[in-house]
There are 2 protein chains.
Amino acid sequence: MGYNVGEKWGERMPVQLNECPVEVVFTMLSGRWKIPIYRYLYNNNKPVRYSGLLRHLPSISKKILTEQLRELERDGIIERKSYLEPRPRVEYSLTSSGSSMIVFLDKMSEWGEKHILSNETEHR
Amino acid sequence: MGYNVGEKWGERMPVQLNECPVEVVFTMLSGRWKIPIYRYLYNNNKPVRYSGLLRHLPSISKKILTEQLRELERDGIIERKSYLEPRPRVEYSLTSSGSSMIVFLDKMSEWGEKHILSNETEHR
DNA sequence: CTGTATCCTACAAGATACTG
DNA sequence: CAGTATCTTGTAGGATACAG
């Protein structure tokens, strides 16, 4: 954890070198809908269509969905496959790199389950 | 990972139940300076003064520093101790709960080291 | 030294309409 | 079906001045 302090956290730009990997990974996943999208793809465990995502995420707009998908794709977390067949469709799925994020996401979830509740009760 | 989709991601509010822990933990740590602050406290391994943080984080303003510290404190990640002695000072340190975040932060860092570079080379 | 109080700005996110 | 193109808005983050 001995990295320089980056000047542009949260900026959704392609990754720079010499940044703290934790900050970089955080940035990759920060976006109102990225974790929900990840969860949906992960749980489904098979490619999901654009319209499927739209249906599953009740209050997202198309513009935002496309934006977040493009960023996830750019960062190598998801994969986009377009089929122009009879009825055109686009399918999204996690890349192997994306799937491997589950290692720390699981740990995060565990930490959360253990500490979020104790906060709640502590504070009232 | 079978949680409902929260409506208020990124909102820096006290934690609600029934949310995805991953999203909650993400929210706890999202803030331009939270990871840098965490890193500084973690690496120092002993209480750090407000002015020390201010000096270490070159381009942060006092308002923002105080804000982020208050949120980290509210979420049980750091601890604030104020001494009114001859020369008043305030010291911040990680709580044990905060320190235990290192478990997933290390995994995140590992993932980052492995995948960020391969992205870079891939894309040029 | 350790903060508040104001004011300001940039940008992520959303609403809505249009398109290949 | 799977997107763009515009326009609007809320809010995180910052600059600066003042205060206990």
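This one's a predicted model, so the numbers in the text were calculated from it and none came from an experiment. Convention: sequence-line order gives letters A, B, ...; per-chain numbering from 1. All values below come from the heavy atoms of this structure, side chains included, with hydrogens, waters and symmetry mates left out.
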Hey, what are the protein-to-nucleotides 3-9 of chain C N/O distances that come in under 3.5 Å?
from  : atom 1 : to    : atom 2 : distance (Å)
C:dG3 : OP1    : B:R70 : NH2    : 2.9
C:dG3 : OP1    : B:R80 : NE     : 3.3
C:dG3 : OP1    : B:R80 : NH2    : 2.5
C:dG3 : OP2    : B:Y92 : OH     : 2.8
C:dG3 : O6     : B:K62 : NZ     : 3.2
C:dT4 : OP1    : B:R70 : NH1    : 2.6

A:E67 CD - D:dC7 C1' separation (whole Å) | 14 Å
Give a yes/no answer on whether the side chain of B:R32 brings an N or O atom under 4.0 Å of OP1 or OP2 in D:dA12.
-> no
Has B:S51 got a side-chain N or O lying under 4.0 Å from the OP1 or OP2 atom of C:dT2?
-> yes
Verify, without hydrogens or angle tests, whether A:S109 (side chain) and A:D106 (backbone) share a donor-acceptor contact under 3.5 angstrom.
-> no
Determine yes or no for a side-chain-to-main-chain donor-acceptor pair under 3.5 angstrom, with B:W111 supplying the side chain and A:S97 the backbone.
-> yes
Roughly how far, to the nearest 0.5 Å, is CG of A:L29 from CD1 of A:I77?
-> 5.0 Å
Taking all atoms of both residues into account, what is the closest heavy-atom pair of B:Y38 and B:I102, and its distance?
-> OH-N, 3.4 Å
Decide whether A:Y83 and A:I78 are clustered together by the hydrophobic rule: side chain heavy atoms of Ile, Leu, Val, Met, Phe, Trp, Tyr closer than 4.5 Å, transitively.
-> no
What is the distance, rounded to the nearest whole Å, between atom CZ of B:R87 and atom P of C:dT2?
-> 11 Å
Short side-chain N/O contact to D:dA12 OP1/OP2 from B:Q68, under 4.0 Å = no
Going by an N to O cut-off under 4.0 Å, is there a salt bridge joining A:E91 and A:K46?
-> no
Could you state the CG-P distance from A:L84 to D:dC1, rounded to the nearest angstrom?
-> 15 Å
Is A:K34 reaching over with its side chain to a backbone N or O of A:Q68, donor-acceptor style, under 3.5 angstrom?
-> no
For the pair A:E110 and A:K114, find out whether any cationic side-chain nitrogen is under 4.0 Å from an anionic carboxylate oxygen.
-> no
A:E71 has an atom CD; how far is it from atom P of D:dG3, in whole Å?
-> 15 Å
For B:R89, answer base if it contacts any base atom (sugar-phosphate contacts may also be present), sugar-phosphate if it contacts only those atoms, and nothing otherwise; contact means non-hydrogen atoms under 4.0 Å.
-> sugar-phosphate
Which whole-number value in Å describes the distance from B:I64 CD1 to C:dA10 P?
-> 15 Å
Do A:E23 and B:R39 meet the salt-bridge criterion of a basic N to acidic O distance under 4.0 Å?
-> yes
Measure from NZ on A:K81 to C1' on D:dA2 and round the result to the nearest Å.
-> 18 Å
Rounded to whole Å, CD1 of B:I60 lies from C1' of D:dG14 at a distance of 10 Å
Taking only the side-chain nitrogens and oxygens of B:W33, find out if one of them lies under 4.0 Å from OP1 or OP2 of D:dG14.
-> yes
Per-helix bend value, the helix from C:dC1-D:dG20 to C:dG20-D:dC1, C1' rotation axes over five pairs per end, 10° rounding, shows 50°
Round to the nearest Å and state the distance from B:H56 atom NE2 to C:dT2 atom C1'.
-> 19 Å
